[in-house]
Amino acid sequence: MTDTRDAAKATAEGSRDDGRGSGGNSSSRDGSGDVIGHGTWLDKLAYELVRREESLGRDTGMIIVESGLGASGIPHIGSLGDAARAYGVKLALGNLGYDSKLVAYSDDLDGLRKVPDGLPASLEEHLARPVSLIPDPFSCHDSYGAHMSSILLDGLDRVGIEYEFRRAYDTYRQGLLRDQIHAILCRSAEIGEKIAEMVGQSKYQMSLPYFPVCESCSRLYTAQAVSYDESARAVSYECRDTQMAGRAISGCGHSGCAKIDGGSLGKLAWKVEFAARWAAFDVRFEAYGKDIMDSVRVNDWVAEHVLGYAPPHHAKYEMFLDKGGKKISKSAGNVLTAQRWLEFGSPQSILLLLYKRIAGARELGIREDVPSLMDEFNELEDVYFGRVRKELRGNPAKLAKARGLYLYANLLRPPERPGAHVGYMLAAKLARVYRTDRARRVVEKLLEYGTIPEPSPEVEELVRLAGNYADEFDEEGGSAEIAVDDNMRAALGSIARMLDSGRGTPDDIQTGIYDAAKSCGAQPKDVFAALYQIILGSRRGPRLGPFIADIGEARVSKMITERVS
RNA sequence: GGGUCUAUGGCGCAGCCAGGUAGCGCUCAGGACUCUUAAUCCUGCUGUCGUGGGUUCGAAUCCCUCUAGACCCGCCA
């Protein structure tokens with residue numbers, strides 16, 4: 001890594017940012033080189049990309065990064081990840097001094113191959129039709145495809161990602177890919193051979209890598225392109241029965257001729273479509289999931305050798321898995337959408353998840369990951385604002401990376417000062433106790449504890465999120481066992497009676513508990529622990545006197561009685 | 001058949017993609033503090049960083065081998 005000082009770096013130095021993140025740009029002590037940008041994988045990727053563009057001699061005036069959005073199923077958090085990471089590269093490029101923008105491209109001309117679980121079976125009749133021609137089963141958008149895309153776009157909007165939206169439907173209708181389609185179809189035989197050689201798929205040795213939409217029944221895939229007329233720039237096809245996702249789909253028998261310039265509807269096969277788009281839109285970066293690795297390899301070859309366009313720089317990522325280690329399915333049952341995450345976690349927590357790293361698989365669950373990412377964001381904020389954790393002190397590269405990660409999680413627009421840091425689980429626990437008038441009462445408690453100096457909208461938002469978490473993932477803590485011996489029983493009984501008399505100040509209650517424990521020969525420590533167990537389901541908790549006064553003496557008395565008798 | 005990822009104290013994980021003292025959370029055990037701010041603090045659980053090689057002054061980290069598990073692709077897009 002001795003070659004990291006060059007023009008790109010110099011440009012990066014010149015760019016003005018917040019003035020803090022660049023503080024880590026000093027040599028690391030092993031002398032292996034300077035930190036690039038903000039020291040994260042995004043910066044490294046952007047740097048590599050720029051170097052490559054320069055060696056290719058391409059213009060870097062406006063670098064397009066692209067993300068493809070599936071529109072055939074409910075978009076899960078992995079789809080958001082593809083776009084968010086591409087946007088991260090755009091930000092890193094900007095930080096290095098290059099203009100860049102994200103194109104979000106909806107594959108809304110893809111055919112519906114399978115009705116996702118949880119959606120009406122009436123969609124069956126539309127199988128193999130382009131999703132942009134299928135009516136929206138929820139009747140709120142122009143089409144099925146538009147409905148699905150809108151869910152993802154809403155997610156992007158809510159985390160603050162900016163993009164230029166494009167659709168396959170418009171792209172083909174406007175004939176934007178006509179030259180690329182022509183070039184590909186003219187050399188389809190050679191491409192078919194190459195695909196067979198590269199990935200073992202023999203299909204395109206027999207048929208053209210282009211799917212017209214049958215003008216009679218408006219289905220894709222059944223309409224099989226049999227020949228291409230180079231001068232007319234049209235494919236002739238026959239609509240035949242075919243197999244799709246393991247089931248038979250009937251063709252209508254229609255024979256037709258489809259122009260490739262937008263006059264007729266149709267699309268390229270995936271194995272060659274990316275290449276056409278990259279060349280037409282001048283895409284310089286596109287991330288991809290490992291499930292389409294083969295397609296990307298073929299597309300790279302097609303771009304390079306058929307279209308004469310050096311393919312974009314890539315980054316491969318693993319799928320997000322759910323906690324069982326299964327791929328997150330697109331069926332409605334367990335889809336982890338951005339919207340669902342945002343019920344419990346902040347936009348920054350989602351971005352932190354996606355920007356933290358790209359390599360490696362990860363199992364993802366809201367219950368486990370939202371609290372830790374929410375807290376991790378606070379830790380990074382502390383690092384960024386100078387309360388450096390000691391293990392980072394001796395390592396400038398890692399310090400820069402931590403700060404950089406914070407910056408990206410804020411989309412490079414960090415706040416002026418750190419927010420109030422409240423542990424997520426603490427907020428959730430308090431929210432679990434105070435279910436009515438939650439925001440006000442939890443904030444009151446936090447003030448009382450000295451956790452926060454004053455109420456703020458951010459804290460209220462945290463309470464709202466943590467409250468949703470508490471409601472959704474309510475741990476029935478009452479099930480834990482308490483060792484109740486005779487002394488303990490007597491003490492708890494005595495406390496219950498005291499609470500029933502109901503005239504205690506918080507201090508009276510606190511003292512009363514202690515006295516009851518001692519007079520019954522029980523360890524106060526154990527009695528307190530038992531009470532926490534009964535009330536909160538945990539071994540510890542807030543100071544009990546004020547706490548019990550807060551939630552109601554009668555209620556606590558009842559909880560004790562129910563538990564001990 | 002092809003490919004990718006994962007393997008780190010009792011449990012769960014971070015660190016790896018930019019090599020530099022093996023860390024965090026939880027749990028458990030013991031101790032300090034004669035009622036506890038969500039108490040706090042101390043100590044311990046003696047980690048062959050899956051195996052075997054290689055590169056390096058130095059490897060959990062980079063390269064190769066092997067083992068086990070998971071996932072993806074297999075003529076759908």
Side-chain angles (χ1 to χ4, degrees), chain A residues 1 4 28-36 39-41 43-45 47 68 70 72 107 109-114 128 131 195-196 198-207 211 220-221 242-247 249 267-271 273 289-295 297 315-319 321 324-327 356-363 368-369 371-372 375-376 379 389 391 394-398 400-401 422-423 425-427 429-430 445-446 448-451 507 510-515 517-518 523-525 527-529 531-532 536 538 540-547:
Chain A
M1 292 303 130
T4 57
S28 56
R29 66 180 162 188
D30 60 337
S32 68
D34 291 345
V35 172
I36 300 165
T40 69
W41 61 269
D43 300 283
K44 194 181 169 213
L45 205 52
Y47 174 78
S72 352
D107 285 308
L109 217 47
D110 285 7
L112 183 69
R113 295 181 307 283
K114 179 173 171 293
V131 291
I195 290 173
M198 288 178 82
V199 299
Q201 182 182 32
S202 57
K203 173 175 176 170
Y204 296 110
Q205 289 175 306
M206 275 93 78
S207 65
F211 301 115
L220 287 158
Y221 316 136
T242 189
Q243 286 277 120
M244 195 180 64
R247 57 184 291 168
I249 302 290
K267 72 184 292 292
L268 288 166
W270 263 33
K271 287 282 189 305
E273 182 176 45
K290 77 168 179 184
D291 53 336
I292 60 164
M293 223 166 9
D294 282 349
S295 273
R297 267 197 312 138
K316 191 206 71 190
Y317 56 86
E318 290 281 317
M319 308 289 98
L321 308 172
K326 299 244 164 53
K327 181 187 176 185
K356 211 176 145 173
R357 60 172 186 170
I358 187 168
R362 74 180 292 152
E363 297 187 358
E368 309 64 9
D369 292 309
S372 62
D375 289 343
E376 187 175 348
E379 276 174 40
R389 287 179 298 177
E391 76 258 28
N395 196 324
K398 289 193 172 158
K401 185 174 167 182
V422 178
M425 289 311 285
L426 169 62
K429 280 183 179 171
L430 288 172
K445 279 287 116 184
L446 292 169
E448 194 183 308
Y449 293 160
T451 310
D507 275 348
Q510 183 77 21
T511 312
I513 293 169
Y514 188 70
D515 290 343
K518 279 179 92 170
Q523 282 288 329
K525 186 177 157 187
V527 174
F528 277 97
L531 286 170
Y532 286 119
L536 282 176
S538 66
R540 297 180 179 127
R543 194 174 160 86
L544 268 180
F547 186 62

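Just so it is clear, the values below take in all heavy atoms, side chains as well, and ignore hydrogens, waters and symmetry mates. Below, read A as the first sequence line, B as the second, and so on, with proteins coming before strands; counting in each chain starts at 1.
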A.B. asks: Could you tell me how far B:G58 sits from B:G20 if I compare only their C1' atoms? Round to whole Å.
C.D. replies: 7 Å
A.B. asks: Return the value, rounded to whole Å, for the distance between atom NZ of A:Lys203 and atom C1' of B:G74.
C.D. replies: 13 Å
A.B. asks: In whole angstrom, what separates A:Gln201's CD from B:G2's P?
C.D. replies: 18 Å
A.B. asks: Give, for atom CG of A:Leu268 and atom CZ of A:Phe211, the distance between the pair rounded to the nearest 0.5 Å.
C.D. replies: 9.5 Å
A.B. asks: Which of these nucleotides, B:A14, B:C17, B:C5, is closest to any side-chain atom of A:Lys356?
C.D. replies: B:A14
A.B. asks: Please give the distance between the P atoms of B:U55 and B:G12 as a whole number of Å.
C.D. replies: 35 Å
A.B. asks: Classify the nucleic acid contact of A:Lys316 as base, sugar-phosphate or nothing, counting any heavy atom under 4.0 Å across all strands shown.
C.D. replies: sugar-phosphate
A.B. asks: The side chain of A:Tyr514 lies closest to which of these nucleotides: B:C35, B:C75, B:A77?
C.D. replies: B:C35
A.B. asks: When we call it a touch if two heavy atoms are under 4.0 Å apart, what does A:Trp270 touch: a base, just sugar-phosphate, or nothing?
C.D. replies: base
A.B. asks: Whole angstroms only, please: what is the CG-P distance between A:Asp291 and B:C71?
C.D. replies: 14 Å
A.B. asks: Can you tell me, in whole Å, how much space there is between the C1' of B:U21 and that of B:G15?
C.D. replies: 14 Å
A.B. asks: Please check this pair: side chain of A:Tyr221 against backbone of A:Gly111, looking for a donor-acceptor N/O pair closer than 3.5 Å.
C.D. replies: yes
A.B. asks: Could you tell me how far apart A:Arg357 (CZ) and B:C17 (C1') are, to the nearest whole angstrom?
C.D. replies: 11 Å
A.B. asks: Under the 3.5 Å rule, do the base of B:C5 and the side chain of A:Lys290 count as making a donor-acceptor pair?
C.D. replies: no
A.B. asks: On RNA chain B, does the nearest nucleotide to A:Asp43 precede the nearest nucleotide to A:Tyr221 from the 5' side, or the other way round? Give the residue.
C.D. replies: A:Asp43
A.B. asks: Where the side chain of A:Ser207 meets the backbone of A:Tyr204, is there a donor-acceptor pair that is under 3.5 Å apart?
C.D. replies: no
A.B. asks: Please step through salt bridge (Lys or Arg N to Asp or Glu O under 4.0 Å) for the pair A:Lys267 and A:Asp107, ending with a clear verdict.
C.D. replies: CA-CA 10 Å; A:Lys267 72 184 292 292; A:Asp107 285 308; 5.9 Å; no
A.B. asks: Provide the distance between the two P atoms, one in B:A60 and one in B:G47, to the nearest whole Å.
C.D. replies: 14 Å
A.B. asks: Just how far, in rounded Å, is P of B:C75 from CZ of A:Arg113?
C.D. replies: 13 Å
A.B. asks: B:C64 and B:U51: how far apart are their C1' atoms, nearest whole angstrom?
C.D. replies: 13 Å
A.B. asks: Pick the closest RNA chain B nucleotide for A:Thr242 and for A:Arg297 by heavy atoms, then say which residue is nearer the 5' end.
C.D. replies: A:Arg297
A.B. asks: What is the distance from CH2 of A:Trp41 to C1' of B:C17, rounded to the nearest Å?
C.D. replies: 11 Å
A.B. asks: So, is A:Tyr204 close to the B:A77 phosphate, meaning a side-chain N or O under 4.0 Å from OP1 or OP2?
C.D. replies: yes
A.B. asks: Heavy atoms, side chains only, cut-off 4.5 Å: are A:Gln243 and A:Ile249 in contact?
C.D. replies: no
A.B. asks: Is there a donor-acceptor contact under 3.5 Å linking the side chains of A:Asp43 and A:Thr40?
C.D. replies: yes
A.B. asks: Atom CG of A:Asp369 and atom P of B:C24: how far apart are they, to the nearest Å?
C.D. replies: 21 Å
A.B. asks: Which whole-number value in Å describes the distance from A:Glu379 CD to B:G25 C1'?
C.D. replies: 10 Å
A.B. asks: With pairs defined as Watson-Crick or G-U wobble and both distances under 3.5 angstrom, please note down RNA chain B as a dot-bracket string, | for pairing with another strand.
C.D. replies: (((((((..((((......[..)))).(((((.......))))).....(.(((..]....))).))))))))....
A.B. asks: Pick the P atom in B:A7 and in B:U43, then give their distance to the nearest Å.
C.D. replies: 29 Å
A.B. asks: In whole Å, measure the gap between the C1' atoms of B:C72 and B:C62 for me.
C.D. replies: 26 Å
A.B. asks: Which nucleotide in the list B:G3, B:A77, B:C73 gets nearest to the side chain of A:Met293?
C.D. replies: B:G3
A.B. asks: Do the side chain of A:Arg113 and the main chain of A:Ala128 share a donor and acceptor less than 3.5 angstrom apart?
C.D. replies: no
A.B. asks: Looking only at non-hydrogen atoms, find the nearest pair between A:Ser72 and A:Val131 and report the distance.
C.D. replies: CA-CG1, 4.1 Å
A.B. asks: Would you give the length of the straight line joining atom OG1 of A:Thr242 to atom CG of A:Leu220, rounded to the nearest 0.5 angstrom?
C.D. replies: 11.5 Å
A.B. asks: Suppose you measure atom C1' in B:U36 against the same atom in B:C24; what distance do you get, rounded to whole Å?
C.D. replies: 26 Å
A.B. asks: Within the 4.0 Å heavy-atom criterion, would you say A:Thr40 contacts the bases, only the backbone, or no part of the nucleic acid?
C.D. replies: base
